[in-house]
> 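The structure follows.
All values reported here derive from a predicted model rather than from experimental measurement.
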Amino acid sequence: MTAAQSPMQVIIPVFPGVEELDAIAPLEVFGLARQVGLPVEVRLASPQPASRVKGIHGVTFADLAPFDADSPADLVIVPGGAWLSGGNTGVRLAVSEGTLPALLQAQYQRGATIASVCTGAFLLQASGLLTNTPATTHHLAQEDLRALGVDTRTDRILDAGRIVTAGGITSGLDLALHLVARTFGPDRAEQIRDLLEYTQ
């Protein structure tokens, strides 16, 4: 991507019961990418009519952009949340409602890369995007994903081209840095890593 091209459009959809760090870590990385001059636009968005969403730990996300099948997106990063609790919230609720999985499939068909953090992989599975595509998720949810017929691996980041999945909650940082490196080069990712003071 050159500076003359349109900025890379990154959307992070959030939903009731979302794991806050799953969404905030990629937002931080791509926000810093924009701050250091990379052509990136990143925003949190809601696939529901509401512009306010409460996460699993009580953080309220407000003034969210709408997210629909026509939203301009080059990259959609799907957070997880509440899968392991077994309640009717977070990823389980979003899967049962069906709106977000349908939007992910539509965005993929329009050419977007779809990535997931942690149990966001279950939303990719529900959208049909993990058919014949290996994936990873939180280590405590791997058997659940495997039981749904997904070729489930233990990698922290699993890059399958236009489908990229990441493991547990903190892997959102690694995922976003990987995607920055893939798009803009490893030196730029290292620059952002230094700003974060993030070491692995």
> Side-chain contact test, heavy atoms from C-beta onward, threshold under 4.5 Å: evaluate it for Phe15 versus Leu93 and give yes or no.
no
> Using every non-hydrogen atom in the two residues, find where Thr136 and Ala121 come nearest and quote the distance to one decimal.
O-CB, 3.6 Å
> State whether the side chain of Arg162 and the backbone N or O of Ala112 hold a donor-acceptor pair below 3.5 Å, judged by distance alone.
yes
> Has Thr133 got a side-chain atom pairing as donor or acceptor with Leu130's backbone, closer than 3.5 angstrom?
no
> Using the side chain to side chain donor-acceptor pair (under 3.5 Å) criterion, which residues pair with Glu97? Sequence neighbours excluded.
Gln48
> Check salt bridge (Lys or Arg N to Asp or Glu O under 4.0 Å) between Asp70 and all other residues, then give those that pass, not counting sequence neighbours.
none
> Heavy atoms only: give me the nearest Ala135-Thr165 pair and the separation to one decimal.
CA-OG1, 3.4 Å
> So, Ser71 side chain and Asp68 main chain: donor-acceptor pair closer than 3.5 Å or not?
yes
> Is it the case that the side chains of Arg153 and Gln142 hold a donor-acceptor pair, with the cut-off being a distance below 3.5 Å and no angle test?
no
> I'd like to check the salt bridge (Lys or Arg N to Asp or Glu O under 4.0 Å) partners of Arg156; sequence neighbours left out, ordered by chain and number.
Asp174
> Under a 3.5 Å distance rule, please check whether Thr137 uses its side chain to pair with a backbone N or O of Cys118 as donor and acceptor.
yes
> Locate the shortest heavy-atom distance separating Ala73 from Gln107; write the atom from each residue and the value.
CB-OE1, 3.5 Å
> Which residue pairs pass the ring-ring contact (aromatic ring centres under 6.0 Å, His included) test when at least one of the two sits in residues 57-92, sequence neighbours left out?
Trp83-Phe122
> Are Leu177 and Leu158 connected in the hydrophobic side-chain network, where two residues link if heavy atoms are under 4.5 Å apart?
no
> Are Arg43 and Ile12 close enough that some pair of their side-chain heavy atoms sits under 4.5 Å apart?
no
> Do you reckon Val78 sits in the same ILVMFWY cluster as Ile56, going by side-chain contacts under 4.5 Å, direct or chained?
no
> Who passes side chain to side chain contact (heavy atoms under 4.5 Å, CB included) against Pro16, sequence neighbours left out?
Val53
> Quick check: do Ile163 and Tyr108 have side-chain heavy atoms less than 4.5 Å from each other?
yes
> Under the side chain to side chain donor-acceptor pair (under 3.5 Å) rule, collect the residues that match up with Gln105, sequence neighbours excluded.
Gln109
> Taking the hydrophobic residues Ile, Leu, Val, Met, Phe, Trp and Tyr, and joining any pair whose side-chain heavy atoms are under 4.5 Å apart, which ones share a cluster with Leu21?
Ile169
> Can you tell if the side chain of Leu196 reaches within under 4.5 Å of the side chain of Ile192, non-hydrogen atoms only?
yes
> Taking a hydrophobic cluster as the set of Ile, Leu, Val, Met, Phe, Trp and Tyr residues connected by side-chain heavy atoms closer than 4.5 Å, whether directly or through intermediates, do Leu27 and Leu175 fall within one such cluster?
yes
> Are Gln35 and Leu32 close enough that some pair of their side-chain heavy atoms sits under 4.5 Å apart?
yes
> Kindly say whether Leu129 contributes a backbone atom to a donor-acceptor pair with the side chain of Thr131 at under 3.5 angstrom?
no
> Quick one: salt bridge (Lys or Arg N to Asp or Glu O under 4.0 Å) partners of Glu143, sequence neighbours excluded?
Arg146
> List the atom of Pro47, the atom of Thr99, and the distance in Å for their closest heavy-atom pair.
O-CG2, 3.7 Å
> Which residues pass the side chain to side chain donor-acceptor pair (under 3.5 Å) test with Asp155, not counting sequence neighbours?
none
> Go through Lys54 and Val59 one step at a time and tell me if the side chain to side chain contact (heavy atoms under 4.5 Å, CB included) criterion holds.
CA-CA 6 Å; Lys54 183 176 283 190; Val59 172; over 6 Å; no
> Do any pairs count as a salt bridge (charged side-chain N to carboxylate O under 4.0 Å, His left out) and have a residue in residues 14-39, sequence neighbours left out, and if so which ones?
Arg34-Glu41
> Closest heavy-atom contact between Thr183 and Leu179?
OG1-O, 2.9 Å
> Hey, does Val40 have a side-chain heavy atom less than 4.5 Å from the side chain of Val10?
yes
> Could you see if Val117 belongs to whatever hydrophobic cluster contains Ile24? Use Ile, Leu, Val, Met, Phe, Trp, Tyr and a side-chain cutoff under 4.5 Å.
yes
> Any side-chain heavy-atom pair from Val76 and Pro13 closer than 4.5 angstrom?
yes
> Please list, chain by chain and in numerical order, all residues satisfying salt bridge (Lys or Arg N to Asp or Glu O under 4.0 Å) with Arg182, sequence neighbours excluded.
Asp159
> Could you give all pairs that pass the ring-ring contact (aromatic ring centres under 6.0 Å, His included) test and reach residues 135-181, with sequence neighbours left out?
none
